[in-house]
> 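First, the structure itself, so that you have it in front of you.
Residue numbering restarts at 1 for every chain, and letters A, B, ... go by the order of the sequence lines. Reckoned from all heavy atoms, side chains included, excluding hydrogens, waters and symmetry mates. What you are looking at is a predicted structure, and each value in this text was computed from that prediction instead of being measured.
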Amino acid sequence: MRDYAIMIIQPAAAMVLAPMLLGVINWVKANFAGRRGQPLLQPYYDLWKLLHKSAVYSSTTSWIFKAMPIVCLSAILLVTFIIPLGFGKTILSFNGDLILAAYLLGLIRFFIVIGALDTGSSFEGMGASREVQFSALAEPAFFIAMAAMARQTSSISFSNIFSAITPQMWATNSATLLLVTAAIVIVLLAENSRIPVDDPNTHLELTMIHEVMILDNSGPDFAFLLYSAALKLWIFAAILVGFILPMNVMPWQISIPVSIAAIFVVSILIGIVESCMARLRLVRVPHLLFTAVALAILALIFTFRN
Amino acid sequence: MWTDIIMVLLILTNMVVLGTSRLRACIRVVAVQGVALGILPLLHSFEWQLLIFAVLSIILKGIVFPVMLSRTLRQLNVWQEESPYVGYGLSLLMGPFALAFSSWISLRLPLPYTIHSTMLIPVALFTLIVGLFIIVSRKKALTQVLGYLVMENGIYAFGMAIAYHQPMLIELGVLLDVFVGVFVMGIAIFHISRQFDHINTDQLSALRN
């Protein structure tokens, strides 16, 4: 009974609260700038509005463009069923779900990229090429960081890794955990097109990556993409929180609210980073991602020393 | 545990030196590295002799070297390493491979003594390799001097690994420190600054002519 309750609460919390993360980030940024800002629930209003509009399709697009938002949404929902919140198993937990989650995220990226190319717009093609270039560097960092954690905890599923993290591990192997945290933070910012890599607020700017690829989507399709972007942010924040917080010292009734709170703390930190930093020059972004790869490899080497 | 934290600090400072182009930041980071290494021998055993050497090396590496290097920086008006032979991205990726290589080497290195931390020898070798790499891959003479200091830090760390059993080695290490310091500061920087003023080039190969 308890296990089923956890299994239902985990994805439900992600699905309901994910757009709120974007609202919190906007709220933090507005506060830093001294503005009143949009209401916290604005992302929900946007989604609601978009769902009631009808989609417009250009005559040059094919079925790929129409399938893209659906594939993205369903794949990201699958990933939310894999990543646990706090302590305990999820519906889709199995040994090796690390790999499935990473490749589902890769599938989403692939579909967004071919959807963007399908429009035939050179502008979107440019965004697609940037996305591919940066994710080719962010993905190894993500994989190696996960490999380091898997080696550290001797388990290959998210739920086992999350529950294997204990305060003693922080005392004895703080090096690995710190390096992995740093690498995952950089990957989180890069994968969710946050500020040092991409500016989510710029529209029609030549420097943007993610926003440019979904320029042609409208109506419910665009709502699906916005919602999957919010879920993706939630998932990365949940992975980060799971790698940091020792969850198995507390009972599950506490661990789930604590990790939800921690995910919102992560979004506040993202808001602070966005308010304090400028976007990196495009040629400097690979440098940042190389740093993430190097940190992840160092973490992996540390786990081999133990 | 504290030894391990200092080792992590050493590795991260090495990565920073590999990845930044700003010379002032590099100088500061190398100073931090020197201070961290200076504290290292005091963690295991406390003797007056050790304390004197630790204080000496901290003053030298944490205060004297950075101040002198920063002054040269101001005199030369050179703030950045513009175009190294090996780019910063590649240098950063080189770091983990160097660490892996030194871990592998240190496993096959027969040591006469047991060592406090298994990380000490690989990290010392890693620091040495990074120092050498900086010397080889950068163009500005000042960065090469920094590489020299990093390499020397590696030698010092290596000495620390067995210093517990052989106090003489510490003394020799510190003596070597002082010698290297005087040599580097006195001769190299002087020549470099003179050459920079006269020839006005930022490539070391031009110094030969």
> In terms of heavy-atom contacts, does CZ of F143(A) have more than 12 from other residues, nucleotides or ligands at under 6.0 Å?
yes
> Can you see which heavy atom on A294(A) is nearest to which on M15(B), and at what distance?
CB-CE, 3.5 Å
> Would you give the length of the straight line joining atom CG of L12(B) to atom CG of L178(A), rounded to the nearest 0.5 angstrom?
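One gets 8.5 Å once the value is rounded to the nearest 0.5 Å.
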> Which answer fits L300(A), side chain, backbone, both or neither, if we ask what part of it has an atom under 4.5 Å from a heavy atom of chain B?
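Contact with chain B is absent: no heavy atom of L300(A) under 4.5 Å.
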> Please flag which part of S106(B) lies under 4.5 Å from any non-hydrogen atom of chain A: side chain, backbone, both or neither.
side chain
> So which atom in P96(B) and which in I297(A) form the shortest heavy-atom distance, rounded to 0.1 Å?
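Minimum heavy-atom separation between P96(B) and I297(A): CB-CG2, 3.3 Å.
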> State the CG-CG distance between L289(A) and L92(B), to the nearest 0.5 angstrom.
11.5 Å
> Among L18(B), I11(B), L93(B), L90(B), which residue forms the greatest number of heavy-atom pairs with chain A at distances under 4.5 Å?
L93(B)
